[in-house]
Amino acid sequence: LLDPNSRLRVVITLRADFLDRCLAFPDLRDLLQDRQVLLGPMDDKDLREVIVNPAQAVGAFLEKGLEAMILRDVSAEPGALPLLQHALYELWRARRGPWLTLDAYQASGGVHGALERRAQATYESLDTRQQAIARNIFLRLTALGEGASDTRRRVDREELYPAGLAAAQVDAVLQVLSDERARLIVADKDD
């Protein structure tokens with residue numbers, strides 16, 4: 001496992017708030033002891049690249065002031081990269097030709113509101129019965145932090161099927177929540 005002549009290298013990413021769970025496994029604890037690289041938040045230069053480079057790669061342009069607005073919204077927000085990703089996705093969908101605009105960014109809700117608006121619209125598109133199923137799904141996909149932040153968790157699909165409810169009804173809601181238009185959850189066929 002620790003053969004220094006091996007060409008095999010394994011890279012594991014781990015959020016700092018889960019590190020304590022790894023310490024319960026002696027072999028993993030020993031591996032982590034002297035082989036960590038801690039990554040802090042991205043600085044403004046790195047965030048600017050995340051915002052601008054993908055647009056430039058496809059020939060898109062950011063309207064004057066848009067980059068600064070997005071940077072201002074995301075730089076003070078720890079853990080905002082997934083929110084930024086969704087805000088940029090919504091911005092791309094609302095582009096005018098090659099232009100990404102301030103109006104489209106603000107209309108989407110920006111970094112802080114784009115995902116929330118998408119989630120709310122998706123939820124409201126469901127009927128009352130499906131909304132109850134969606135609430136159950138989200139509750140089962142949340143690990144309560146008990147003194148720390150709540151986090152997402154993976155579950156087997158079977159755990160999402162409440163007793164007395166047809167699997168097809170849950171599957172229909174899972175399809176809506178994981179559809180490309182919503183992208184609120186990731187649902188594998190086997191998970």
Side-chain angles (χ1 to χ4, degrees), residues 11-21 36-126 131 134-135 137-155 173-188:
V11 176
I12 298 173
T13 60
L14 178 69
R15 286 183 16 190
D17 55 338
F18 286 102
L19 186 59
D20 62 326
R21 297 177 189 182
Q36 294 183 47
V37 175
L38 300 176
L39 298 176
M42 296 175 83
D43 61 21
D44 284 354
K45 176 186 169 287
D46 294 331
L47 287 169
R48 185 171 280 108
E49 288 178 15
V50 167
I51 295 165
V52 174
N53 290 357
Q56 288 177 340
V58 295
F61 304 99
L62 279 74
E63 188 175 61
K64 184 176 181 170
L66 178 60
E67 176 187 336
M69 179 179 280
I70 296 171
L71 192 58
R72 184 187 67 234
D73 288 351
V74 78
S75 63
E77 185 76 32
L81 286 180
L83 300 176
L84 174 61
Q85 175 192 11
H86 191 78
L88 293 174
Y89 171 75
E90 291 293 336
L91 186 59
W92 177 255
R93 289 180 42 154
R95 70 189 179 280
R96 282 190 251 156
W99 286 95
L100 306 175
T101 67
L102 281 163
D103 287 342
Y105 178 74
Q106 291 170 329
S108 76
V111 168
H112 301 290
L115 186 58
E116 181 180 333
R117 286 183 184 194
R118 173 60 55 97
Q120 189 65 38
T122 302
Y123 181 77
E124 290 172 359
S125 75
L126 301 170
Q131 288 177 352
R135 282 191 300 275
I137 290 169
F138 285 122
L139 285 172
R140 292 176 185 275
L141 293 174
T142 303
L144 300 179
E146 299 179 20
S149 299
D150 296 339
T151 59
R152 65 182 179 182
R153 72 182 192 101
R154 295 181 82 126
V155 299
V173 174
L174 288 170
Q175 177 59 41
V176 171
L177 298 177
S178 64
D179 183 82
E180 183 178 301
R181 291 179 300 262
R183 300 170 26 146
L184 299 175
I185 65 171
V186 175
D188 295 333

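Keep in mind it's a predicted model, so treat the numbers as computed, not measured.
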Exercise for the section: Would you check, one step at a time, whether the test side chain to side chain contact (heavy atoms under 4.5 Å, CB included) holds for L83 with D73? Expected result: CA-CA 10 Å; L83 300 176; D73 288 351; over 6 Å; no

What's the spacing between [X] [atom1] and [Y] [atom2] if we round to 0.5 Å?
X: L88; Y: L100; atom1: CG; atom2: CG; result: 8.5 Å
X: Q106; Y: L91; atom1: CD; atom2: CG; result: 11.0 Å
X: R93; Y: R118; atom1: CZ; atom2: CZ; result: 4.5 Å
X: L115; Y: L84; atom1: CG; atom2: CG; result: 12.0 Å
X: I185; Y: I137; atom1: CD1; atom2: CD1; result: 5.5 Å

If I compare all heavy atoms of [X] with all of [Y], which pair ends up nearest, and what's the gap?
X: A94; Y: A104; value: CB-CB, 3.8 Å
X: L177; Y: A134; value: CD1-CB, 4.3 Å
X: Q36; Y: L19; value: OE1-CD2, 4.4 Å
X: R48; Y: L71; value: NH2-CD2, 3.0 Å
X: W99; Y: L62; value: CZ3-O, 3.8 Å
X: H112; Y: E116; value: O-OE1, 4.2 Å

Looking at [X], I'd like to know if its [atom1] atom is crowded, meaning that more than 12 non-hydrogen atoms belonging to other residues, nucleotides or ligands lie closer than 6.0 Å.
X: R96; atom1: CZ; answer: no
X: E67; atom1: CD; answer: yes
X: Q131; atom1: CD; answer: yes
X: R135; atom1: CZ; answer: yes

Problem - side chain to side chain contact (heavy atoms under 4.5 Å, CB included) assessment of E49 paired with M42 - result: CA-CA 10 Å; E49 288 178 15; M42 296 175 83; over 6 Å; no

Practice task
Examine distances only and state if a side-chain atom of Y105 and a backbone atom of V111 form a donor-acceptor pair shorter than 3.5 Å.
Solution key: yes

Handout entry: Donor-acceptor contact present, side-chain R117 to main-chain A107, <3.5 Å
Key =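 Side chain of R117 to backbone of A107: a pair is present.
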
Practice task
Could I get the full list of salt bridge (charged side-chain N to carboxylate O under 4.0 Å, His left out) partners for R95, not counting sequence neighbours?
Solution key: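 With sequence neighbours excluded, R95 shows a salt bridge (charged side-chain N to carboxylate O under 4.0 Å, His left out) to no residue whatsoever.
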
Problem - Partner residues of E63 under the salt bridge (charged side-chain N to carboxylate O under 4.0 Å, His left out) criterion, sequence neighbours left out - result: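 Residues passing salt bridge (charged side-chain N to carboxylate O under 4.0 Å, His left out) with E63: none at all.
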
Handout entry: Test item: I51 and L66 side chains (from C-beta on) under 4.5 Å apart, heavy atoms
Key = no

Exercise for the section: List the steps, then state whether side chain to side chain contact (heavy atoms under 4.5 Å, CB included) holds for D179 with L184. Expected result: CA-CA 8 Å; D179 183 82; L184 299 175; over 6 Å; no

Handout entry: Ion pair K45/D43, N-O distance below 4.0 Å
Key =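 Between D43 and K45 there is no salt bridge, as every charged N stays at least 4.0 Å from the carboxylate O atoms.
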
